[in-house]
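One structure below.
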Amino acid sequence: MSLQIYNYLSRQKEPFKPVVEGRVHIYVCGPTVYDHAHLGHAKTYVSFDVVVRWLRYSGYKVRYVQNITDVGHLLDDGEDRILKGARRERLEPMEIVERYMRSYFEDMDALGVQRPDISPRASAHIPEQIEMIQTLIEKGHAYVVNGSVYFSVESFPEYGKLSGRRIEEMEAGKRVAVRDEKRHPMDFALWIKAPENHILQWPSPWGRGYPGWHIECSAMSTKYLGHTFDIHGGGVDNIFPHNECEIAQSECAHGVPFANYWMLTGSLLVNGVKMSKSLGNFVTIKDALQHYRPEALRFFILSGKYNSPADYSDEALQAASKGWERMNNTLRRLQKAYQHPESLQLSPISTPEMTAHLIETLDQYRLRFVSAMNDDFNTPLALGALQEMTTDVNRWLDKGIATSEVLEQAMNIYREFGGTVLGIIREGTAESGSAEREAALIELLIELRAEARKAKDFARADAIRDRLAALGVILEDSPRGTTWRLA
RNA sequence: GGCGACGUGGCCAAGUGGUAAGGCGAGGGUCUGCAAAACCCUUAUGCGCGGGUUCGAUUCCCGCCGUCGCCUCCA
């Protein structure tokens, strides 16, 4: 089955057809870098990371652009978020930007999120934004007032088509005082005149000022992906006004559709309420990583659909951690067995027919995974296939019917799907990952403990196991000997 | 008030007009010197409530209740 994507624009699943055969141009709204990223960001960017990974795995050549907002994103009171951060930390605005942009990439790297191909910064694309604004003015979609430029929503009849709202139905300015220089209360700023000593300002045909928040995404996606590109992503919370404004600007400037598919991620909730900076109920990614391994966070995020909301809780994270552990333990078992085929102790019932049957079963899991992913990136369903496969593989190992061929196939599935696609299995984590000398020392202790056990000196045997456990080395006994792993 | 979602076992979470994936947890068991890991068995006659359509609805329609998101800065 080929890829189906739930398109927010049409509110239905559609077969995916890229503009250019075999290529995908995707744009995802990135963070405003004035503070550390939290788990809400993790949910969105891990989700799109997997989307991109799946597209690549499926053979598409992908260009993934995700902006960094470092100017123009205003707060309720009209103050720029970056300036607020600068004042808070008594730093230059661009120091704030640099600091939190690095922090953001640090977090994403830790989560195994592959870097976008281009991470354009708004402040580095002022000319492109000015140019686009000029085009909009020329085409009669924008107007200049007192050194600021506004987009006229009434000039674009389709305004509201993504979020499903109508201009007349919205109560503009209910909470934020409408600038009376606007012609229509819903008009939004493309360019804002800078006050006398505003720190972030650039020259423009309309005087010194700075760009509005929405225009950057239009200008930068156009520059790198073209007038019409394939997928536009982001969190649903930006559907209005941000995404709606992007569409209006871009389609009015270019006269062609902006993005063909809109994919919006559901919000991350805490106790049923959205995790957000303004509510202060957020957990930073750095904090979360103190308690949970990155793969567990990914596992948690991917065990729900990207476009559904997810509720964050310690119980949920614990469950994800355990689920991940079981899968990882099984992969480790596979690897050990594969490296030491003599330890397999194959049962007499392990016939070639049996092997063929197991390979066939693995193929079924492979198919289930693929069709789940092709069905609008249904990661929970795909993960389910992997988990059932895990039970089967353990069963086969227990019964002694898994031949090397079977082991190899199973490992490939974990590597490709768990690793390359979902990013929850990392090469190395399944292995001991420690230095050779350390491994040899542990083996030595295991030998000493084996002797103690033989002599029924269980106190000593347990002491060795406990001391190692305290150091993060877990020993596990089996009829075939003792194995170890890092906690 | 407007717009849009959602409500599935103790928790998380897929799904379908034909009779409920998976994970976590819990209980029992196998294995073990004991653990750990793994496996086996059990754990929703039921999918918010009330109607309707249908041979048949958890899945479609209507109403109600509840929760959430957006409308205002947030991924």
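Naming: A, B, ... by sequence-line order, numbering from 1 per chain.
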Have a look at A/G234 and say if it touches a base, only the backbone sugar-phosphate, or nothing, with a 4.0 Å heavy-atom cut-off.
sugar-phosphate
Classify the nucleic acid contact of A/L383 as base, sugar-phosphate or nothing, counting any heavy atom under 4.0 Å across all strands shown.
nothing
Inter-nucleotide C1' distance (B/C12, B/G7), Å rounded:
14 Å
Record whether the side chain of A/D311 comes under 3.5 Å of the base of B/C12 through a donor-acceptor pair of N or O atoms.
no
Give the rounded distance in Å between these two atoms: NE2 of A/H242 and P of B/G69.
21 Å
Classify A/S303 by what it touches in the nucleic acid, base, sugar-phosphate, or nothing, heavy-atom distance under 4.0 Å.
sugar-phosphate
Round to the nearest Å and state the distance from A/I301 atom CD1 to B/C12 atom C1'.
14 Å
Atom P, compared across B/G69 and B/G50: separation rounded to whole Å:
28 Å
Considering every strand and a 4.0 Å limit on heavy-atom distances, what is the contact class for A/R333: base, sugar-phosphate, or nothing?
sugar-phosphate
B/C68 and B/C62, which share atom name P, separated by this distance in whole Å:
24 Å
What contact category does A/R460 fall into here, base, sugar-phosphate, or nothing, at under 4.0 angstrom with non-hydrogen atoms?
nothing
Given the options A/F282, A/Y100, A/Y104, A/H36 meets ring pair (Phe, Tyr, Trp, His ring centres under 6.0 Å) only with A/Y100
Mind checking who B/G4 pairs with, Watson-Crick or G-U wobble, both distances under 3.5 Å?
B/C68
Which whole number of Å gives the distance between the C1' atom of B/U58 and that of B/U45?
13 Å
B/G63: pairing nucleotide in any strand, Watson-Crick or G-U under 3.5 angstrom:
B/C49
Can you find an N or O donor on one side and an acceptor on the other, under 3.5 Å apart, linking the side chain of A/R326 with the base of B/A38?
no
Can you find a donor-acceptor N/O pair under 3.5 angstrom joining the side chain of A/D462 to the base of B/G33?
yes
Are A/Y261 and A/Y8 an aromatic pair by the rule of ring centers under 6.0 Å?
no
Centroid separation under 6.0 Å, is that true for the rings of A/F188 and A/H242?
no
Answer for the Watson-Crick or wobble partner of B/C55, both distances under 3.5 Å, is B/G18
Would you indicate what A/K305 reaches in the nucleic acid, counting non-hydrogen atoms under 4.0 angstrom: base, sugar-phosphate, or nothing?
sugar-phosphate
Just checking A/K322: base, sugar-phosphate only, or nothing, at a heavy-atom cut-off of under 4.0 Å?
sugar-phosphate
Which residue lies more 5' along RNA chain B, comparing A/D398 with A/Q318 via nearest heavy atoms:
A/Q318
Please work out if A/D237 contacts a base, only the sugar-phosphate, or nothing of the nucleic acid, heavy-atom cut-off 4.0 Å.
base
A/H41 NE2 - B/A75 P separation (whole Å):
4 Å
Partner nucleotide, any strand, of B/G9 [Watson-Crick/G-U, under 3.5 Å]
none
Whole-Å C1' distance, B/C39 and B/U32:
14 Å
Main-chain N/O of A/G304 paired to A/S308 side chain as donor or acceptor, under 3.5 Å:
no
Please figure out whether A/A320 or A/A316 has its closest RNA chain B nucleotide nearer the 5' end.
A/A316
Regarding A/T391, tell me which of base, sugar-phosphate or nothing describes its non-hydrogen contacts under 4.0 Å with the strands shown.
sugar-phosphate
To the nearest Å, how far apart are A/N328 CG and B/A38 P?
11 Å
Both conditions, 6.0 Å and 45 degrees, for the charged tip of A/R115 above the ring of A/F105: are they met here?
yes
With sugar-phosphate meaning primed atoms plus P, OP1 and OP2, does A/G233 contact a base, only sugar-phosphate, or nothing at under 4.0 Å between heavy atoms?
nothing
Taking B/A37 as the reference, what is the distance to B/C24 when you measure between their P atoms (whole Å, please)?
11 Å
Atom pair distance, as rounded to whole Å: OH in A/Y27 and P in B/A75
12 Å
Please check: side-chain N/O of A/D187 versus main-chain N/O of A/H184, any donor-acceptor pairing under 3.5 Å?
yes
Name the nucleic acid region contacted by A/E476, choosing base, sugar-phosphate or nothing; use a 4.0 angstrom heavy-atom cut-off, strictly under.
base
Main chain of A/I349, side chain of A/S347: is a donor-acceptor contact present, judged purely on distance under 3.5 Å?
yes
Describe the nucleic acid contact of A/L264 in one word from base, sugar-phosphate, nothing, applying a heavy-atom distance below 4.0 Å.
nothing
NA contact type, A/N394, heavy-atom cut-off 4.0 Å: base, sugar-phosphate, or nothing?
sugar-phosphate
Applying a 3.5 Å limit to both distances, which nucleotide forms a Watson-Crick or G-U wobble pair with B/A44?
none
Between A/R165 and A/F240, is NZ or CZ placed under 6.0 angstrom from the six-membered ring centre and within 45° of the ring axis?
yes
What integer distance in Å separates A/D187:CG from B/U72:P?
14 Å
Contact class for A/Y45 (heavy atom, under 4.0 Å): base, sugar-phosphate, or nothing?
sugar-phosphate
Distance check, P atoms only: B/U53 and B/G46, in whole angstrom units.
23 Å
Using the P atom as the point on both nucleotides, what is the distance between B/G51 and B/A75, in whole Å?
46 Å
For B/A35, which nucleotide in any strand shown is its Watson-Crick or wobble partner with both distances under 3.5 Å?
none
